[in-house]
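Have a look at the structure below, then the notes.
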Number of protein chains: 2
Amino acid sequence: MAEDAIADGATEEAETCCAPPGDVDSDAIAIDLQVLTAMGNDTRYELLRRIANADDGVCVCDLEAAVGVSQSAVSQALSRLYTAGLVTRRKEGSWRYYEPTETTAALLETLDDLRGTHE
Amino acid sequence: MAEDAIADGATEEAETCCAPPGDVDSDAIAIDLQVLTAMGNDTRYELLRRIANADDGVCVCDLEAAVGVSQSAVSQALSRLYTAGLVTRRKEGSWRYYEPTETTAALLETLDDLRGTHE
DNA sequence: GAAATATATTAGTATCTGCTTGTATAAGCT
DNA sequence: AGCTTATACAAGCAGATACTAATATATTTC
């Protein structure tokens, strides 16, 4: 699709193909990557969606039943989401409840919007 | 942080800890995951940032100089970004120019916003 | 058409990841 | 205290991932 459109006069000089792009803030990249890699996994993303769907916090025991991996795997996944700042957790008796952070809410909403109105 | 707050009366029944969370649309998950895993890599994310920063499209040759991997690795990375719908590409002579899609613009903007106003 | 340049593709490989199993910690129950 | 349940942690390992190096395909230029 549009593999061979001719455009906008960048071919005037034969020497370079375009101006080199500006630098990117590497701290920001590191932060973003932690979020993206935490979300970018089947198990963790599904857990995150479920946590975000529930209004009042979800406990690990119910999450375990929902995804198809071991209790240990769920625990590790949630831990990673927590470290990345995607969920908060609170202890209540012997159970632990997870809730989404604003980061999660914002990103999931963006992804939902994008899926709706495909470009 | 807030590891042991007591809250909201979910401990009334001793049998279950909470209501099981609702299901998640698995097609949506697959689409989102393709985007997230494509972005969730140092090389690819840096390339994406550089592509998004430039207004008029960036060619591979300049991207190569910017990140510290081989030409082949850059090509593979860009190809993956393209497959995930994060960039468009057009050929112009022997050069190929990459530009961000709306998906990229929306997600990067969300990430920028989140970094600004930490929750 | 041959050489040079720009990008893509293939194959091989070292590292990373995400799981399982087993064990530890902590809280509730009797 | 001892038993059970809920969650976390640690070690090990199979499979995925992201490079490099080598080669292929276009495109331009001579």
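To find a chain, count down the sequence lines: A is the first, B the second, and so on, and within it residues start at 1.
Side-chain atoms of Thr101(A) come within 3.5 Å of backbone N or O of Gly85(A) as a donor-acceptor pair.
Straight-line distance from the CD atom of Glu92(A) to the C1' atom of dT7(D): 15 Å, rounded to whole Å. Computed from coordinates, the Trp95(A) CH2 to dA27(C) C1' distance equals 11 Å when rounded to whole Å. Leu81(A) has its CG atom 15 Å from the P atom of dT17(C), to the nearest Å. Put simply, CD on Glu64(A) is 14 Å from P on dT5(D), counting in whole angstrom units. Atoms CG (Leu47(A)) and C1' (dT7(D)) sit 14 Å apart, rounded to a whole Å. At whole-Å resolution of the value, CZ in Arg96(A) and P in dA26(C) are 11 Å apart. For the pair Arg89(B) CZ and dA26(D) C1', the computed distance is 14 Å after rounding to whole Å. Counting to the nearest Å, the C1' atom of dA8(D) and the OH atom of Tyr97(A) are 18 Å from each other.
Using a 4.0 Å cut-off between a side-chain N of Lys or Arg and a carboxylate O of Asp or Glu, Arg49(B) and Asp112(B) qualify as a salt bridge. Between Glu46(B) and Arg50(B) there is a salt bridge, with a side-chain nitrogen of the basic residue lying less than 4.0 Å from a carboxylate oxygen of the acidic one.
You'll find the side chain of Ile51(A) reaches within 4.5 Å of the side chain of Leu63(A), heavy atoms only.
Residue order along DNA chain D, read from the 5' end via each residue's closest nucleotide, puts Ser94(A) first among Ser94(A) and Ser79(A).
OP1 or OP2 of dT27(D) has at least one side-chain nitrogen or oxygen of Lys91(B) nearer than 4.0 Å.
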Heavy atoms under 4.0 Å is the rule here; annotate nucleotides 14-25 of chain D 5' to 3' with B where the base is hit, S where only the sugar-phosphate is, and - elsewhere.
-> ----SBBBB---
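Every residue two or more places apart in sequence or in another chain that forms a side-chain hydrogen bond (donor to acceptor under 3.5 Å, both in side chains) with Tyr98(A) is listed here: Arg89(A).
From Ile31(A), atom CD1 reaches atom CG of Leu114(B) across 11.0 Å, with rounding to the nearest 0.5 Å.
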